[in-house]
Amino acid sequence: MNEKSEKLIDKKGIRGDGRKADELRPLKLQVGVLSNADGSAYIEHGKNKILAAAFGPREMHPKHLAQPDRMVLRCRYHMAPFSVQERKSPAPSRREVELSKVIKEALEPALFLELYPRTGVDVFVEVLQADGGTRCAAITAAALAIADAGVPMRDLVVACAAGKVDDTVVLDLYDAEDKLGLADVPVAYMPSLNAVTLLQMDGILKPNEFEKALNMAMEGCKKIYEIQKEALKTKYMVVKEVDE
Amino acid sequence: MNEKSEKLIDKKGIRGDGRKADELRPLKLQVGVLSNADGSAYIEHGKNKILAAAFGPREMHPKHLAQPDRMVLRCRYHMAPFSVQERKSPAPSRREVELSKVIKEALEPALFLELYPRTGVDVFVEVLQADGGTRCAAITAAALAIADAGVPMRDLVVACAAGKVDDTVVLDLYDAEDKLGLADVPVAYMPSLNAVTLLQMDGILKPNEFEKALNMAMEGCKKIYEIQKEALKTKYMVVKEVDE
Amino acid sequence: MNEKSEKLIDKKGIRGDGRKADELRPLKLQVGVLSNADGSAYIEHGKNKILAAAFGPREMHPKHLAQPDRMVLRCRYHMAPFSVQERKSPAPSRREVELSKVIKEALEPALFLELYPRTGVDVFVEVLQADGGTRCAAITAAALAIADAGVPMRDLVVACAAGKVDDTVVLDLYDAEDKLGLADVPVAYMPSLNAVTLLQMDGILKPNEFEKALNMAMEGCKKIYEIQKEALKTKYMVVKEVDE
Amino acid sequence: MSSLVTKVRLKQIEQLIENGKRLDDRGLLDTREIKIEQGIIEKAEGSARVLLGKTEVLVGVKVETGEPFPDTPDDGVMTVNAELVPLASPNFEPGPPDENSIELARVVDRGIRESHAVDTEKLCIESGKKVFVVFVDVYVLNHDGNLIDASAIAAMAALMNTKMPNYEIKDGDLKIKQGYTPLPMKSHPITVTIGKINNHLIVDPWLEEEAVMDSRITFASNEAGNICAIQKGGNSYFTPQQILEASKIALDKAVELRKKLNW
Amino acid sequence: MSSLVTKVRLKQIEQLIENGKRLDDRGLLDTREIKIEQGIIEKAEGSARVLLGKTEVLVGVKVETGEPFPDTPDDGVMTVNAELVPLASPNFEPGPPDENSIELARVVDRGIRESHAVDTEKLCIESGKKVFVVFVDVYVLNHDGNLIDASAIAAMAALMNTKMPNYEIKDGDLKIKQGYTPLPMKSHPITVTIGKINNHLIVDPWLEEEAVMDSRITFASNEAGNICAIQKGGNSYFTPQQILEASKIALDKAVELRKKLNW
Amino acid sequence: MSSLVTKVRLKQIEQLIENGKRLDDRGLLDTREIKIEQGIIEKAEGSARVLLGKTEVLVGVKVETGEPFPDTPDDGVMTVNAELVPLASPNFEPGPPDENSIELARVVDRGIRESHAVDTEKLCIESGKKVFVVFVDVYVLNHDGNLIDASAIAAMAALMNTKMPNYEIKDGDLKIKQGYTPLPMKSHPITVTIGKINNHLIVDPWLEEEAVMDSRITFASNEAGNICAIQKGGNSYFTPQQILEASKIALDKAVELRKKLNW
């Protein structure tokens, strides 16, 4: 994050894209969008456009990675070459490797790993367009994809960032705020269990600012959680209608 | 291929290297040239100099690639670093990966894959010097190497290109025609089965030109087929003499 | 090596770092320096600082590398990025691959490979600072690490180079002599068996110079051998004291 | 592939085809429905999503500057890459491009390059030094068969959607000006793939057919009805007669599609 | 990890913790003893070896010249790489960096970068063309748990030990002068990791605890007591209350360590 | 290797050797027949094919221009690469160079480099900026043992066959002129490898012998009878006496070969 930020919030407290400090970007979620995956979801969060797919529980490949006492979750977070300003090489960057790991660790607490020993679930995330906060949007979509695959979950996982722009703690940073702001705090959360499953921070925050950002991010998560549940219901309601 | 070609054929219809439109380059084939391979062949086709070796049918390595109901054919087409004008890195290029695949698919129709379940045949092609039409010369040699390894075949596979240079459909393009001509149509063929097993095209051809090029290429194949059979006979006749 | 060397030895026969022709650099050896390895050793030889660790005999991983009739020794010689003047990429260079192989072949003759069929011993060498003669120092430390792991040995292996600087055959070249000298002859040796297990040479030597260098290197090895045995004793004496 | 479709399914497909029918109710020479959506990746200079039945391909085009190839100092560079990302099929695995994605990229590339679809001569900024580089990234999102045609159409649709910044050269330096120009194009090739099952030719094979089919052959053709690229694939053969028949079908289909797409 | 520590051992650790004790006799909020040795790699521009209990990390710093990133033409470059070399643990294998070493490098990098520890603005030689590049190579020599804190402290100690050649710019060329200057630094972040076992928070978990712990959370903080980087790891969760509690513990521990290290 | 040759075969080889004989009827100190063919790859600047018994190696030399190494700004660059291509042996696999091909390349390189065979000082075009780069690519076509000697001889024969374009420097630019000059060379090292089986030394071990032999040692020597490179290989040892004996044999053999080859 920057040391000093240009003014990104005007005198009335309105941000560069017209939002108030604690306002989310527009968000759209769709479940069951890919026919070959066992479960899938598509998210548009601001200008982020991200697909997630889940395969499994299925036999591990290669077999020696299977665990005798639990299911193995694997995740790949990957950006399309055209998703960012400068074309990105399709080979995984160090950033993508790290994000794949923290996303996996954000989703694992939601799963009953011990229920399916010797199997694996693979979650693949493709960022088609990036606009700040891709890891959070990826988690929100990935949790839906896992649910859509019929894998039992303790709760959905939902993610949202808060951060600091100018002197203000704000919710859900977009690209420009991500680059020019003072701090970014991505949070993944299971609302009904009050459990934080991902937490990272870049930038500089006073302890009280951090507490405020954490709470704001969790409030954001709760709002997205409602949209998430709605998206899941919508798909299965449609299915029900077809069945009748 | 080029959009416009310089004049490569003179008024008498004679090409840059002295050939007529439907004439093949000089061609030399030798079978059983490597002592460690189960089968091998060497081809000089124009200035192309290519070695092919076949190993198998043998146990697959790694084992998990073996198929329960059929033999697996693997091919590697590879160019020596010194085979072309500018030194080529020995790491396989995308072109070499694609050619390995189409060469494999050109040879497979000649094999009785279901006869040797759980086994593999590996064909390795090394282009020692390249002069246009290496994939065709590679197939012609590879088929001989497989036959030399004693693997039963429906027919030999033989390959030759036709193409368009200036306004003329010509047989068996050499390097300069390949670069400056208007179209190139490599064809692999099993003459006694009248079966085309490889067909590609680069450039622009009218449908009737394409038909003419396809027929011309097959005629070229038939001529090379005779040399191929001769080479095979020569080796085994020599063996016979030695035995007596 | 150079064709012509600047004067590296003064008129009194004293070398750039103050040593006489047949004098070793200061040498320090420590055994059992790493708690996770089965055996380990640290060497300071001149300004070389090198760690070696041994793991095993243990199950081979991957399993298909295990040999039904003998133990497999694997070695990795690796340089830290900060060990040399210009930062070195951590990916193994061709030089490191070759040295890993010759170091393995220098250590193997000391082991009773047939005693532990189906198992493996892994030796990892990390050069933390390089000052000429790293392969020799690495072997001296690696042999101690193997001994420290409790793997039975025919003898310790000890290594030292001799070479030619100006007109003189000298012992144990340091960095500047390695770069500006006329020849370098690294030798690994098992003193009690009178067996040379590594021998390489760079540069130009007359046959009688080579013989002299070989003998001088073996004399150097014998001196280091005493320090090696002392280091091993010191560790196990300490252990003994603790036990009492 | 035999594990994908049981032999029962193979027989079923063969019998249907012998009666001129297909599992998904198409006629032998029908393509699946094609939907094209352009411009959906705003951050890319061009993009298009193509649905060919359930096969879904997204292509993004990025335009950057770089060096020309030494042998064509006055031409811009166009390069095609294809990723078979693992969410598209249980059979795709993460990792560097394998022979299938490399073949896909090269066949799509060949159709565009050989028909001179992109006018690379207009992409030169400074001869021998600086040219525009057009990156065409093919992203397969759902694999339900015939990736070549879906990718080739998506790549062309994305290129036709591509906008480049206006610029001028001042004292050898590139200056970006206001506004955008479309990528200069000279031709609009259309790619059609024919499958062969038991000596029957079918257009636009889908996943279940690909699992049992003998071979495929792809033809790219331009506005003039000329062929500009061919690729045979699969581990069986075609007779010369079948090839000529397939080329006629493919060229006819291309004319039909060209009308439908208004290319 | 369950193979490393038997369930018996897990129970033992849990019971100890519930009584405020640990296997190695520490209190729940005690760090292991830290030993720092600087300057041991004379050929590197800076170096430090840190022993955190039996965990041993060596960091070497090389300073070279190179190009700045296009978006920060006036800033030098700082880059962190971590190698989990196989002599440090029977579980480390030779090969390119895996997700664990990449995460380690990036967390160490983030603490240094986000706190602006290295004054990269002073590392510019010629705007947009030539800057100093500071390579921080983290070398884990023995893994006995909590690699993040040991590596972060060693990286900072090595940077504080780093000497750069004096230089001047003459006619656009870099001329090395006599003598050395310390690497310009603006801040000295301290990194503290908290583990969670059965809803108990422990400071500086060691190997046996890591094998059974639910999750960890790392806080880097600067002289002003502000947080400059956070990383949660592990396949379980924290409640928001646990996070706030952990942040307070980590910040307090950092103050304590800062005094002890005199940073 | 024990699977290649049964123990029966090992015993047979040992017994023969104890009687001064070998499986292929050679004496212990005889090399196999050597055939050298130069210039067979017309498109390369130099090439040679060597048959050493049934071992077959093809070396191609390409001469291009590039940058010198920073520490030798006035020297051209010579680089050796070796490929154990899979058609040469059922035990060679496709893929990046393994330790065997890297060792082979480096031993061949060392013999040429340390004897100063190529006069790299004459390959400088512009000090510090542009030099000739000589790529020596060793291609093993059939592996019947003793790849080092066959490759080293083939590399030297290819270098001796190498023709460079005549050129002049005009205003800092390289201009190619008519005609060719031979690559400038200063020395012609010859490489001889000795194997050890049961304390017996044999010259030029072939495949069946390599499978059972204890160790090998290679000596490269120049016209003056000086040693310019040594490499011991294999998982056994030599006594110092054996080494001196081997060095004498190798130097004698080199003299013999030098006469035969007229180098």
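Keep in mind the model is a prediction, meaning the values are calculated, not measured.
Comparing A:Leu199, A:Leu193, A:Leu107, A:Val102 by how many heavy-atom pairs each has under 4.5 Å with chain E, the most go to A:Leu199. Across E:Ala105, E:Pro240, E:Ala220, the residue that shares the most heavy-atom pairs under 4.5 angstrom with chain A is E:Pro240.
The parts of A:Val196 that come within reach of chain E are both its backbone and its side chain, each placing non-hydrogen atoms under 4.5 angstrom from that chain. Interface residue A:Leu198: only backbone heavy atoms are found under 4.5 Å from chain E. Both the backbone and the side chain of E:Ile227 come within contact range of chain A, with heavy atoms under 4.5 Å apart. If you measure heavy-atom distances from A:Arg70 to chain E, the contacts under 4.5 Å come from the side chain alone. Interface remark: E:Asp214 contributes no atoms to any contact with chain A (heavy atom separation under 4.5 Å). For E:Ser236, the part lying under 4.5 angstrom from a heavy atom of chain A is the backbone only. For E:Gln241, the part sitting under 4.5 Å from any heavy atom of chain A is the side chain, from C-beta outward, and nothing else.
Remark: A:Lys223 NZ is packed, more than 12 non-hydrogen atoms of other residues, nucleotides or ligands lying under 6.0 Å away. The environment of E:Lys122 atom NZ is sparse: at most 12 non-hydrogen atoms of other residues, nucleotides or ligands sit within 6.0 angstrom. Atom OH of A:Tyr77 sits in a crowded spot, with more than 12 heavy atoms from other residues, nucleotides or ligands closer than 6.0 Å. No more than 12 heavy atoms of other residues, nucleotides or ligands lie within 6.0 Å of CD in A:Glu86, so this atom counts as exposed by the packing criterion.
Looking at E:Glu114 and A:Asp184, their side chains never come closer than 4.5 Å, going by heavy atoms from C-beta outward. Under the 4.5 Å side-chain criterion, counting only non-hydrogen atoms from C-beta, E:Leu244 is in contact with A:Phe210. Residues A:Met201 and E:Arg110 fail the side-chain proximity criterion, which asks for heavy atoms closer than 4.5 Å.
Using a cutoff of 4.0 Å between basic side-chain nitrogens and carboxylate oxygens, E:Glu103 and A:Lys101 are scored as salt-bridged.
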Verdict with reasoning, E:Asn226 to A:Lys206, per side chain to side chain contact (heavy atoms under 4.5 Å, CB included) = CA-CA 5 Å; E:Asn226 293 330; A:Lys206 291 177 197 147; 3.3 Å; yes
How far apart are the C-alpha atoms of E:Asn235 and A:Leu73, what are their side-chain angles, what is the distance that settles it, and do they pass the side chain to side chain contact (heavy atoms under 4.5 Å, CB included) test?
-> CA-CA 10 Å; E:Asn235 61 7; A:Leu73 176 67; over 6 Å; no
List the steps, then state whether side chain to side chain contact (heavy atoms under 4.5 Å, CB included) holds for E:His116 with A:Ile204.
-> CA-CA 10 Å; E:His116 308 283; A:Ile204 295 186; 4.2 Å; yes
Verdict with reasoning, E:Arg106 to A:Leu99, per side chain to side chain contact (heavy atoms under 4.5 Å, CB included) = CA-CA 11 Å; E:Arg106 286 178 58 86; A:Leu99 292 196; 5.8 Å; no
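Taking both residues in full, the closest heavy atoms of A:Glu105 and E:Gly234 are given as OE1-N, 3.2 Å, listed atom of the first, atom of the second, then distance.
Distance CD1/E:Ile230 to CG/A:Leu205: 7.5 Å, rounded to 0.5 Å. Atoms CD and CG, on A:Glu98 and E:Asp109 in that order, are 9.5 Å from each other to the nearest 0.5 Å.
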